[in-house]
Amino acid sequence: MIDLHGIVADIVAAMAAQDERGTVADYIPELAKVDPAQFGIAIATADGGLLTGGDADIGFSVQSVSKVFALTLALGKVGDQLWDRVGREPSGNAFNSITQLEHEHGIPRNPFINAGAIVVADVNLGGHQPRVAIGEMLRFMRYLAGDDSIAINEAVAASETATGFRNMALANYMRAFGNVRHPVDLVLGSYFHQCAIEMNCRQLALAGRYLMLDGRHPGGGRVISPRRARRINALMLTCGHYDASGDFAFRVGIPGKSGVGGGILAIVPGRASIAVWSPGLNASGNSCLGTLALEELARRTGWSVFSPPEEGD
């Protein structure tokens with residue numbers, strides 16, 4: 001029997017004792033203000049339980065973690081036609097690389113690098129104004145988490161808009177190839193606001209439950225098909241940590257998606273939806289303490305997807 005309460009308490013204590021906490025994403029001015037000493041964890045289990053530890057109730061900018069939910073919406077709109085515009089392979093490059101796009105004629109390597117997420121935002125815009133797409137995204141997040149208090153941090157959105165020159169370059173480059181079909185300013189307006197959604201670990205773990213439950217909402221009904229849930233989890237495992245995705249799979253072995261706000265959503269199919277947060281990032285742009293915490297959690301629980309099932313599973 002796994003003592004999750006004890007494990008969470010041990011992880012929180014171990015993270016508090018860590019000297020190396022990484023560096024906050026100071027290229028987004030609002031994120032540069034966040035205290036790197038913070039760490040939170042929340043685990044929503046398949047039996048309806050919810051365990052939290054540390055700073056699990058402090059809100060943070062989800063940033064690229066939002067790409068999981070945006071991808072879910074886009075697949076609901078256009079289905080597998082999306083893969084004509086976005087690949088499904090690990091990038092092996094930084095999340096905001098431009099050079100790869102040139103070699104691959106404006107087709108992003110996967111939906112979790114910035115270029116791929118901008119194409120997904122273009123799909124979700126669907127001919128509407130950004131406020132419509134942003135409203136749809138917020139309603140979706142609130143529905144998944146069962147929490148109507150989830151909102152966008154407008155200061156973060158404004159900060160990203162003012163400094164997002166590389167994302168502007170990516171979007172314009174793909175527009176030149178015809179792979180961004182709406183005006184770039186509208187697509188990026190939607191994308192920047194999506195990344196600026198603010199959640200805490202508790203809310204994020206609850207929002208990820210449908211991926212733990214083979215596409216079902218725990219309150220009843222289906223969010224996506226089992227096949228699509230498994231494919232999103234597969235992309236999280238292979239592409240969710242940018243050019244460190246292989247290392248994360250090697251060390252942790254759980255599908256996960258990181259964001260430069262310091263959050264990571266990790267999914268153990270059939271068992272748990274996990275959110276960790278600590279704003280200090282490692283050299284690959286992933287949460288330093290969040291990665292360490294998930295590695296320890298996987299070790300203590302045996303929850304790696306590469307572990308053999310327990311007897312009776």
Side-chain angles (χ1 to χ4, degrees), residues 25 27-31 61-138 140 152 154 156-197 232 235 239-240 242-243 257 259-261 285:
Y27 60 89
I28 299 174
E30 283 297 313
L31 297 188
S61 178
V62 298
Q63 293 294 313
S64 287
V65 180
S66 68
K67 295 172 182 177
V68 173
F69 305 101
L71 174 63
T72 302
L73 284 176
L75 287 169
K77 294 176 186 297
V78 300
D80 286 346
Q81 293 178 38
L82 179 68
W83 308 123
D84 295 332
R85 299 176 59 185
V86 183
R88 301 188 296 270
E89 294 293 336
S91 67
N93 285 300
F95 60 84
N96 55 3
S97 172
I98 294 175
T99 55
Q100 196 166 57
L101 271 181
E102 183 175 7
H103 290 296
E104 298 178 352
H105 307 291
I107 303 295
R109 186 65 69 90
N110 65 68
F112 292 153
I113 56 174
N114 285 17
I118 289 169
V119 172
V120 169
D122 186 59
V123 170
N124 284 332
L125 197 57
H128 300 291
Q129 289 298 308
R131 66 177 180 274
V132 176
I134 295 163
E136 181 183 35
M137 183 75 172
L138 264 181
F140 186 51
I152 291 169
E154 292 292 347
V156 172
S159 186
E160 293 199 57
T161 302
T163 60
F165 303 113
R166 187 176 287 265
N167 284 321
M168 295 173 198
L170 290 169
N172 278 293
Y173 197 80
M174 292 186 294
R175 175 84 164 164
F177 278 100
N179 203 20
V180 166
R181 298 172 184 174
H182 295 86
V184 164
D185 61 328
L186 300 184
V187 176
L188 290 178
S190 179
Y191 175 66
F192 290 143
H193 280 78
Q194 164 196 312
C195 290
I197 292 173
I232 292 173
L235 285 167
C239 307
Y242 312 119
D243 51 332
K257 182 70 199 83
V260 296

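It should be emphasised that the depicted structure is a prediction, and the values quoted were computed from it without experimental measurement.
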Legend entry - Working for side-chain contact (heavy atoms from CB on, under 4.5 Å), residues Leu188 and Thr161: CA-CA 8 Å; Leu188 290 178; Thr161 302; over 6 Å; no

Inset, instruction - Return the minimal non-hydrogen interatomic distance between Pro29 and Thr163, and the atom names on each side. - result: CD-CG2, 3.8 Å

Inset, instruction - Please report the shortest heavy-atom distance between Leu71 and Leu235, naming the atom on each side. - result: CD2-CD1, 4.1 Å

Legend entry - side-chain contact (heavy atoms from CB on, under 4.5 Å) between Gln129 and Leu186, worked out: CA-CA 7 Å; Gln129 289 298 308; Leu186 300 184; 4.1 Å; yes

Inset, instruction - Decide yes or no on side-chain contact (heavy atoms from CB on, under 4.5 Å) for Ile232 and Leu75, but give the supporting numbers first. - result: CA-CA 10 Å; Ile232 292 173; Leu75 287 169; 4.2 Å; yes

Inset, instruction - Going by the salt bridge (Lys or Arg N to Asp or Glu O under 4.0 Å) test, name the single residue among Lys77, Arg85, Arg175 that passes it with Asp122. - result: Arg85

Inset, instruction - State, to 0.1 Å, how close Leu31 and Ser61 come at their nearest heavy-atom pair, and which atoms those are. - result: CD2-CB, 3.9 Å

Inset, instruction - Using a 4.5 Å cut-off on heavy atoms from C-beta on, say whether the side chain of His193 contacts that of Glu154. - result: yes

Inset, instruction - Output the distance between atom CD1 (Ile28) and atom SG (Cys195), rounded to the nearest 0.5 Å. - result: 8.0 Å

Legend entry - Shortest non-hydrogen contact between Ala74 and Val120, atoms and distance: CB-CG1, 3.8 Å

Inset, instruction - State, with a plain yes or no, whether a side-chain heavy atom of Glu89 is found less than 4.5 Å away from one of Glu104. - result: no

Inset, instruction - Measure from the side-chain N and O atoms of Thr72 to the backbone N and O of Val68, and report whether any donor-acceptor pair falls under 3.5 Å. - result: yes

Legend entry - pair Phe192-Val156: side-chain heavy atoms closer than 4.5 Å: no

Legend entry - Ile118 versus Ala171, closest heavy-atom pair with distance: CG2-CB, 4.0 Å

Legend entry - Close side-chain approach of Met137 and Asn124, heavy atoms under 4.5 Å: no

Legend entry - Lys257 side chain to Gly240 backbone, donor-acceptor under 3.5 Å: yes

Legend entry - Rounded distance (nearest 0.5 Å) linking atom CD of Gln63 with atom CG of Asn114: 9.0 Å

Inset, instruction - Measure the shortest side-chain to side-chain distance between Pro111 and Trp83 over non-hydrogen atoms and say whether it is less than 4.5 angstrom. - result: yes

Legend entry - Check: Pro108 and Leu170 side chains under 4.5 Å, non-hydrogen atoms: no

Inset, instruction - Using a 4.5 Å cut-off on heavy atoms from C-beta on, say whether the side chain of Leu101 contacts that of Phe177. - result: no

Legend entry - Atom pair CG/CG of Asn167 and Asn172 - distance to nearest 0.5 Å: 11.0 Å

Legend entry - Atom CD of Gln81: over 12 foreign heavy atoms under 6.0 Å: no

Legend entry - Minimum-distance pair of heavy atoms, taken over all atoms of Phe112 and Tyr242: O-CE2, 3.3 Å

Legend entry - Atom pair CG/NZ of Asn110 and Lys67 - distance to nearest 0.5 Å: 8.5 Å

Inset, instruction - Would you mind reporting whether Ser190 and Val132 have side-chain heavy atoms less than 4.5 Å apart? - result: no

Legend entry - Donor-acceptor contact present, side-chain Arg109 to main-chain Gly87, <3.5 Å: no

Legend entry - Derivation and outcome, side-chain contact (heavy atoms from CB on, under 4.5 Å), residues Tyr191 and Glu160: CA-CA 10 Å; Tyr191 175 66; Glu160 293 199 57; 5.6 Å; no

